[in-house]
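Here is the structure we will look at, set down as structure tokens.
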Amino acid sequence: MRHSPIPLENVVTQQIQCVVVLHGLYMSGFVMKPLSARLERSGYRILNLSYNTLTPNLDKICKAIDGFIGNHPAALVCHSMGGLVARAYLERNSVASTQVKKVVTLGTPHKGSAIAKHMHDKGLELLLKNSVEFLLSRNQDWPFNAKLYSIAGDLPIGLMPLLQKGSQSDGTVLLEETKLNGMAEHKVFHLSHTSLIYSRAVMDYICDLLKTP
């Protein structure tokens with residue numbers, strides 16, 4: 001968990017002051033460091049939050065996010081399952097969560113993960129544990145005041161082409177799973193699931209989103 005100072009010259013010019021970064025399944029905050037560093041250089045205060053994706057403690061996660069945001073305008077930038085954790089955070093409707101203006105997700109299966117369902121149906125629950133509470137969701141809408149910007153990949157490097165031949169995906173998440181009614185924007189890059197995190201083009205796009213009113 002890392003807190004970084006806001007440059008004084010940026011405080012008055014930015015609507016969003018702080019950004020919470022959430023990683024995906026089987027990962028940690030380490031994989032989000034390049035993206036976090038880019039956002040920090042853009043003048044944002046960053047919380048790159050690591051959590052156990054197999055046994056996520058939502059109370060602990062929400063408390064950490066609440067404490068970081070406080071009463072400052074904020075955004076959530078999330079990869080894969082991290083976007084579903086962000087949704088669970090917003091659903092709790094804490095005072096701090098009302099400060100979240102934008103949620104940017106990268107390869108998040110908002111409608112539920114077909115791969116996770118396949119693993120669950122094949123009796124591989126031990127590989128997913130409590131992550132299924134998030135990954136097997138069947139959301140169709142985005143009901144929050146915070147605007148959702150869903151980023152997806154269409155370079156199918158992974159298991160998904162084997163499970164659903166002819167499908168559009170980033171190799172892990174179906175393109176259709178990244179879409180919700182009520183989202184502000186859906187943007188597709190020719191990237192695989194993991195490479196979405198490290199793409200300079202994606203980072204540029206996120207920075208542009210955060211600074212736009």
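Note that these values count all heavy atoms, side chains included, but never hydrogens, waters or copies made by symmetry.
- Going from atom CD of Glu91 over to atom SG of Cys62 covers 10.0 Å, rounded to the nearest 0.5 Å.
- Side-chain contact annotation: Asn130 with Thr55, donor-acceptor N/O pair under 3.5 Å absent.
- Hydrophobic clustering, with ILVMFWY side chains joined whenever heavy atoms are under 4.5 angstrom apart, groups Tyr89 together with Met183.
- The CD atom of Glu177 lies 11.0 Å from the CG atom of Leu180; values are rounded to the nearest 0.5 Å.
- Put simply, Ile157 and Ile197 are part of two different groups of oily side chains (I, L, V, M, F, W, Y) that touch within less than 4.5 Å, one to the next.
- Applying the ring pair (Phe, Tyr, Trp, His ring centres under 6.0 Å) test to His193 and every residue at least two apart in sequence or in another chain returns His79.
- His186 has its ring centre no less than 6.0 Å from the ring centre of Tyr149.
- Counting non-hydrogen atoms of neighbouring residues, nucleotides and ligands closer than 6.0 angstrom, the NZ atom of Lys111 exceeds 12 such neighbours.
- Counting only heavy atoms from C-beta outward, the side chains of Ser150 and His110 approach each other to under 4.5 Å.
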Before giving the answer on side-chain contact (heavy atoms from CB on, under 4.5 Å), spell out for Ile206 and Leu35 the whole-Å C-alpha distance, their side-chain angles and the decisive distance to 0.1 Å.
CA-CA 10 Å; Ile206 293 172; Leu35 175 57; 4.1 Å; yes

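- The same ILVMFWY cluster, assembled from side-chain heavy atoms under 4.5 Å apart, contains both Leu124 and Leu162.
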Could you go through Tyr26 and Met81, starting from their C-alpha distance and side-chain angles, then the distance that decides it, and tell me whether this counts as side-chain contact (heavy atoms from CB on, under 4.5 Å)?
CA-CA 10 Å; Tyr26 303 133; Met81 176 180 160; over 6 Å; no

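- Put simply, the side chain of Thr108 gets close to the backbone of Ser80: a donor and an acceptor are under 3.5 Å apart.
- A pairwise comparison of heavy atoms in Arg200 and Arg38 identifies O-NH1, 4.4 Å as the closest pair.
- Residue-environment remark: CG (Asn145) stays at or below the threshold of 12 foreign heavy atoms within 6.0 Å.
- Note that Arg45 lies in the cation-pi zone of Phe68, set by a 6.0 Å cut-off to the ring centre and a 45° limit from the axis.
- Between Leu84 and Leu135 there is a side-chain heavy-atom pair separated by less than 4.5 Å.
- The two residues Gly153 and Leu196 come nearest to each other via the heavy atoms N-CD1, 4.0 Å.
- Between Ile151 and Val202 the shortest side-chain heavy-atom distance falls below 4.5 Å.
- Note on Leu136: it clusters hydrophobically with Ile115, by side-chain heavy-atom contacts below 4.5 Å among ILVMFWY residues.
- Annotation: side chain of Phe134 is not in contact with side chain of Arg87 (no heavy-atom distance under 4.5 Å).
- Through chains of ILVMFWY side-chain contacts below 4.5 Å, Leu175 is grouped with Val188.
- A donor-acceptor pair under 3.5 Å is absent between the side-chain atoms of Ser137 and the main chain of Asn139, judged by distance alone.
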Quick one: do Val132 and Lys117 satisfy side-chain contact (heavy atoms from CB on, under 4.5 Å)? Show the steps, please.
CA-CA 8 Å; Val132 296; Lys117 185 178 187 304; over 6 Å; no

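- When all heavy atoms of Asp66 and Ser94 are compared, the closest pair comes out as OD1-OG, 2.8 Å.
- Within the 4.5 Å cutoff, no side-chain heavy atoms of Leu22 are placed close to those of Val77.
- A salt bridge links Asp59 to Arg92: one of the charged nitrogens lies within less than 4.0 Å of a carboxylate oxygen.
- Formation of a donor-acceptor pair under 3.5 Å by the Ser199 side chain with backbone atoms of Ser195 is not found in this model.
- To the nearest 0.5 angstrom, Asp204 atom CG is 11.0 Å from Leu209 atom CG.
- No side-chain donor-acceptor contact under 3.5 Å links Ser169 to the backbone of Leu174.
- In this structure, Cys207 and Leu39 have side chains that are in contact, with non-hydrogen atoms separated by less than 4.5 Å.
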Are Thr178 and Val173 close enough, and set up right, to give a side-chain contact (heavy atoms from CB on, under 4.5 Å), and what steps lead you there?
CA-CA 8 Å; Thr178 65; Val173 173; 3.7 Å; yes

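- Contact between His23 and Leu49 at its shortest, heavy atoms only, is CD2-O, 3.3 Å.
- Shortest non-hydrogen contact noted between Ile61 and Pro56 is CD1-CB, 4.2 Å.
- Counting only distance, with no hydrogens or angles, the side chain of Asp141 and the backbone of Pro143 share no donor-acceptor pair below 3.5 Å.
- A donor-acceptor pair under 3.5 Å is formed between the side chain of Ser36 and the backbone N or O of Met32.
- Residues Leu128 and Leu25 meet the side-chain proximity criterion, which asks for heavy atoms closer than 4.5 Å.
- With rounding to the nearest 0.5 angstrom, the CD atom of Gln168 is 12.5 Å from the CE atom of Met160.
- The backbone N or O of Pro161 lies less than 3.5 Å from no partner atom in the side chain of Gln164, so there is not a single donor-acceptor pair.
- Linking ILVMFWY side-chain heavy atoms closer than 4.5 Å, directly or via other members, places Val31 and Ile46 in a single hydrophobic cluster.
- Summarising the geometry, atom NZ belonging to Lys101 is positioned 12.5 Å from atom NE2 belonging to His72; distances are rounded to the nearest 0.5 Å.
- Here the CG-OG1 distance, from Leu76 to Thr105, works out to 10.5 Å after rounding to the nearest 0.5 Å.
- Within the 4.5 Å cutoff, the side chain of Tyr51 has no heavy atoms near those of the Met27 side chain.
- Minimum interatomic distance between Ile69 and Ala96 (heavy atoms only, all atoms of both residues): CG2-O, 3.7 Å.
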